[in-house]
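Report on the structure given below.
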Amino acid sequence: AQSVTQPDIHITVSEGASLELRCNYSYGATPYLFWYVQSPGQGLQLLLKYFSGDTLVQGIKGFEAEFKRSQSSFNLRKPSVHWSDAAEYFCAVGEKLTFGTGTRLTIIP
Amino acid sequence: GAGVSQSPSNKVTEKGKDVELRCDPISGHTALYWYRQSLGQGLEFLIYFQGNSAPDKSGLPSDRFSAERTGGSVSTLTIQRTQQEDSAVYLCASSSGGNFNEQFFGPGTRLTVL
C-alpha cells in the first residue's frame, strides 16, 4: 500500500530564511508525487508535481522539490520565504491521492 | 473561468439524519474525486469517477456512504444515518482526465454531526 510520511508537524522560520519540508513515501512502482498548499479558509492548491525525468522540479511561488529514489524522499524547498507562505503543506502520492499528515508552516518577522 | 464549487459550505445535522453534499466540477473535466479531511484521520480519498467508467469506491469508509455523478458532471455525496465521527470537511476535486493530471480542489463542505 502506498503511504506518505511528513515527519514535521509544525515548522517556524524567519521571513527571508530558507525552508525545507520533508516528505518520505512508500509506493510500489514509479511514484507520482505532489506537493499541495492549503492556506487558512482556502482550498488545496498544487505547488508542483513529479512524474518522471529531471529529479529537480520547479513549482509555483518559487518552490522546488527534489525526488531522491534512494531515500524515498521528495522534499520541498524554498530559498527565501515570505510571510504569505504561512500555510499547511501536504505531500501526496498516487492518482487517488494519498496524503501525508501535513506540515504547518509559521513565518516570524 | 469558474473553479470547482461545493454546496453547502457548512452543514450541521443531527446524528442519524441523512445528508447530501454537492460538487460542481470544472466544466469539461472528466475525472472527479471526493476526499475527507478530519482532525483524526487527515486527508483521505473516498471515491473517484472517470468518464463513464464504474466509480472507484475503494475509499468509502462504510456502506452508509455513497456517491453518484449525473451526466458526467455534477456529483452528490450522500451519507446516511450520520454519526459523530462523520464530522469533517468534505473536499471535491476534478481533473481533465488521464493519469495524474492536476486535481483542482473545491473549498469543501464542513459537516458537523451533533
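Just so it is clear: chains get the letters A, B, ... in the order the sequence lines come, proteins before strands, and each one is counted from 1.
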Tell me, yes or no, whether the heavy-atom count around [X] atom [atom1], taken from other residues, nucleotides or ligands under 6.0 Å, exceeds 12.
X: Leu114(B); atom1: CG; value: yes
X: Arg104(A); atom1: CZ; value: no
X: Ile9(A); atom1: CD1; value: no

If only atom types and distance count, is the side chain of Trp35(A) paired as donor or acceptor with the main-chain N or O of Phe74(A) below 3.5 Å?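 Yes.
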At a heavy-atom separation under 4.5 Å, does [X] approach chain A through its side chain, its backbone, both, or neither?
X: Gln41(B); answer: neither
X: Phe104(B); answer: neither
X: Leu91(B); answer: side chain

Taking side chain as everything from C-beta outward and backbone as N, CA, C, O, which of these in Gln45(A) sits under 4.5 Å from a heavy atom of chain B? Side chain, backbone, both or neither. neither
Lys96(A), part contacting chain B, at a heavy-atom distance under 4.5 Å: both
Look at the rings of Tyr27(A) and Tyr32(A) and say which category their plane angle falls in: under 30° parallel, 30 to 60° tilted, over 60° perpendicular. perpendicular
Among Val4(B), Leu46(B), Asp56(B), Val89(B), which has the most heavy-atom pairs under 4.5 Å with chain A?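 Ranked by heavy-atom pairs under 4.5 Å with chain A, first place is Asp56(B).
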Quick one: which of Thr98(A), Leu46(A), Leu97(A), Thr101(A) has the most heavy-atom pairs under 4.5 Å with chain B, could you say? Leu97(A)
Nearest 0.5 Å please: distance from the CD atom of Glu68(B) over to the CD1 atom of Ile47(B). 10.0 Å
